[in-house]
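One structure is given below, encoded as structure tokens.
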Amino acid sequence: MQNKRVLGIGNALMDILVNVEDEFLKKNGLQKGSMQLVDKDLANRLLISVENYEKKYASGGSAANTINGLANLGIECGYIGKIGNDDLGDLFKNGLSKNNINPLLSLGKSDTGTAITFITPDSERTFATYLGAALELDTDDLTTSKFINYSIVHLEAYLIGNKQLFETALRIAKEMKMLVSLDLSSYNIVESNYEYLHNIIPGNIDILFANEEEAKALTRKNAEDAIHDLSNICKLAIVKLGDKGSIAKNSVEFAKVESHKVKAMDTTGAGDLYASGFLYGYLKDWSLEKCAKLGSFVAAKVVENIGAQINDSGWKEIKNLVLSMI
């Protein structure tokens with residue numbers, strides 16, 4: 001593969017991470033460990049309630065996390081999403097630019113979407129997500145010019161909420177002779193779009209990432225059996241098994257790799273960053289086993305941190321591993 005550039009498309013969300021006590025969740029009616037969509041008013045009320053707490057900000061969303069990881073590994077990347085004309089939108093765009101990612105962003109009428117992550121002392125995460133301007137991304141934002149000079153487009157399945165948008169991205173990618181990578185994102189998405197995914201994946205999706213629950217939801221089989229079904233409907237299938245490792249299969253290779261054992265602080269972004277490591281190896285024409293090993297290591301480094309960002313020492317370890325694998 002001569003062109004080594006990756007384009008991501010997804011819900012542009014500003015990750016806002018804050019440590020709170022369990023009592024905070026009860027007081028604000030948030031079910032511990034849940035992810036709930038909230039409207040603008042509730043999102044604002046929650047942010048006001050943590051005004052005096054220390055917070056971490058990062059450009060987020062599933063596809064954006066993967067693209068950020070790839071950029072840190074030295075891959076040229078771009079990202080298509082929609083933000084609001086506000087301070088958080090500027091923060092999101094600057095976060096991409098700072099990481100040398102081409103910010104192919106459009107401005108929406110709503111405020112920039114946020115994923116407020118409340119982390120309790122036991123490291124459990126509770127999400128309050130306001131999609132905001134991210135939901136306004138539409139087909140008009142997917143101009144062919146934005147796809148030029150990229151070899152892979154990486155999509156998150158959350159985009160299937162707008163099927164016309166999702167199918168437009170697939171169509172342009174195929175017209176541009178790009179490979180399409182899809183992360184299934186959530187077993188809820190898979191269950192509610194079961195027939196649609198079975199119709200759209202064959203012939204359109206080249207690389208498919210799923211976790212154990214998502215693979216089971218799509219195939220009605222356990223992961224070890226699911227990988228064979230998934231690799232029959234796309235060129236390359238990867239199933240992430242959490243602390244049990246991962247498996248990958250294409251028409252000629254099968255790989256099973258153990259996870260790297262670390263002390264997990266926060267599992268936010270583990271699957272997204274696994275995809276970063278795996279796609280990096282894929283772009284370098286590595287074997288599936290080497291791709292999966294790097295994916296597992298990158299995922300291990302992100303869970304050692306709070307949020308979907310890896311610290312400098314973590315990236316140094318990752319890059320040393322890459323050098324040893326070349």
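Numbers for residues simply follow the sequence, beginning at 1.
In the hydrophobic clustering of this structure, L283 groups with V322; members are Ile, Leu, Val, Met, Phe, Trp, Tyr whose side-chain heavy atoms approach within less than 4.5 Å, directly or through other members. Under a hydrophobic clustering in which Ile, Leu, Val, Met, Phe, Trp and Tyr are joined whenever their side-chain heavy atoms come within less than 4.5 Å, directly or via other members, L170 and L197 fall into the same cluster. A single hydrophobic cluster is not seen to contain both L88 and I48; linkage of ILVMFWY side chains at heavy-atom distances under 4.5 Å, directly or through other members, places them apart. A single hydrophobic cluster is seen to contain both L165 and I160, as judged by linkage of ILVMFWY side chains at heavy-atom distances under 4.5 Å, directly or through other members. Note on V257 and I238: separate hydrophobic clusters, where clusters join Ile, Leu, Val, Met, Phe, Trp and Tyr whose side-chain heavy atoms are under 4.5 Å apart, directly or indirectly.
Atom OG of S276 and atom CD1 of I310 lie 7.5 Å apart (nearest 0.5 Å). Taking CG of L47 as the reference point, atom NZ of K55 lies at 7.5 Å (rounded to 0.5 Å). Residue N211 holds its CG atom at 8.0 Å from CG of L184, rounded to the nearest 0.5 Å. In this structure, L159 CG and L155 CG are separated by 6.0 Å, a value rounded to the nearest 0.5 Å. Note that NZ of K290 and CZ of F278 are 12.5 Å apart. Values are rounded to the nearest 0.5 Å. The distance from atom OH of Y53 to atom CG of L17, rounded to the nearest 0.5 Å, is 15.0 Å.
Using a 4.5 Å heavy-atom cutoff, the side chains of K240 and E212 are not in contact. A heavy-atom distance below 4.5 Å is found between the side chains of K235 and L179.
Other residues, nucleotides and ligands contribute at most 12 non-hydrogen atoms within 6.0 Å of the CG atom of D87. Atom NZ of K32 sits in a crowded spot, with more than 12 heavy atoms from other residues, nucleotides or ligands closer than 6.0 Å. Around CD of E21, the count of heavy atoms belonging to other residues, nucleotides or ligands within 6.0 Å does not exceed 12. Atom CD of E175 has more than 12 neighbouring heavy atoms from other residues, nucleotides or ligands inside a 6.0 Å radius. The neighbour count for N320 CG, taken as heavy atoms of other residues, nucleotides or ligands under 6.0 Å away, is above 12. The environment of K26 atom NZ is sparse: at most 12 non-hydrogen atoms of other residues, nucleotides or ligands sit within 6.0 angstrom. Taking a 6.0 Å sphere around NZ of K146, one finds it holds more than 12 heavy atoms contributed by other residues, nucleotides or ligands. Within 6.0 Å of NZ in K293 there are 12 or fewer heavy atoms belonging to other residues, nucleotides or ligands.
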Report task. Could you go through the side chain to side chain donor-acceptor pair (under 3.5 Å) check for D141 and S106 one step at a time? Result -> CA-CA 7 Å; D141 299 307; S106 307; 2.9 Å; yes
Query raised in the report: Going through the checks in order, is the salt bridge (Lys or Arg N to Asp or Glu O under 4.0 Å) test met by E136 and K109?
Result: CA-CA 8 Å; E136 297 174 27; K109 296 177 182 177; over 6 Å; no
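Side-chain contact of Y274 with S246: a donor-acceptor pair under 3.5 Å is present, judged by distance alone. A donor and an acceptor atom, one from each side chain of D272 and S62, are located under 3.5 Å apart. A donor-acceptor contact under 3.5 angstrom links the side chains of T112 and D86, judged on distance only. At a cut-off of 3.5 Å, with distance as the only test, a side-chain donor of K163 or N193 sits close to an acceptor on the other residue. No side-chain N or O of T219 forms a donor-acceptor pair with one of D229 less than 3.5 Å apart.
In this structure, K301 pairs ionically with E317, as a charged nitrogen and a carboxylate oxygen lie closer than 4.0 Å.
Side chain of T66 to backbone of A64: no donor-acceptor contact under 3.5 angstrom is found. With hydrogens and angles disregarded, a donor-acceptor distance shorter than 3.5 Å links the side chain of N250 to the backbone of V252. At least one donor-acceptor pair closer than 3.5 Å links the side chain of E156 to the backbone N or O of A63. Judged purely by atom type and a 3.5 angstrom limit, S59 uses its side chain to pair as donor or acceptor with the backbone of F92. In this structure a side-chain-to-backbone donor-acceptor pair under 3.5 Å is missing from S296 to H260.
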Using distance only, find each side-chain donor-acceptor pair of residues 95-105 under 3.5 Å and give its atom names and separation, not counting sequence neighbours.
| unit_1 | atom_1 | unit_2 | atom_2 | d |
| --- | --- | --- | --- | --- |
| S97 | OG | K93 | O | 3.2 |
| N99 | ND2 | N68 | O | 3.2 |
| N99 | ND2 | N68 | OD1 | 3.0 |

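Of all heavy-atom pairs spanning A134 and L13, the tightest one is CB-CD2, 4.1 Å. A169 approaches I9 most closely through the heavy-atom pair CB-CD1, 4.1 Å. Heavy-atom minimum distance, G33 versus T126: N-OG1, 2.9 Å. Closest non-hydrogen pair, I205 versus C234, comes out as O-CB, 3.2 Å. Taking every heavy atom of both residues into account, Y282 and I152 meet most closely at CD2-CD1, 4.2 Å. Contact record, I247 with A223: CD1-O, 3.5 Å, taken as the closest heavy-atom pair.
Under the side chain to side chain contact (heavy atoms under 4.5 Å, CB included) test applied with N204, the options D206, I201, I200 reduce to a single match, I200.
Between F118 and F24, the ring planes lie tilted relative to each other; the angle falls in the 30° to 60° range.
Screening residues 245-258 for salt bridge (Lys or Arg N to Asp or Glu O under 4.0 Å) gives E224-K256 as the qualifying pairs, with residues at least two apart or on separate chains.
Taking the ring-ring contact (aromatic ring centres under 6.0 Å, His included) definition, one finds that H228 meets it with nothing, sequence neighbours left out.
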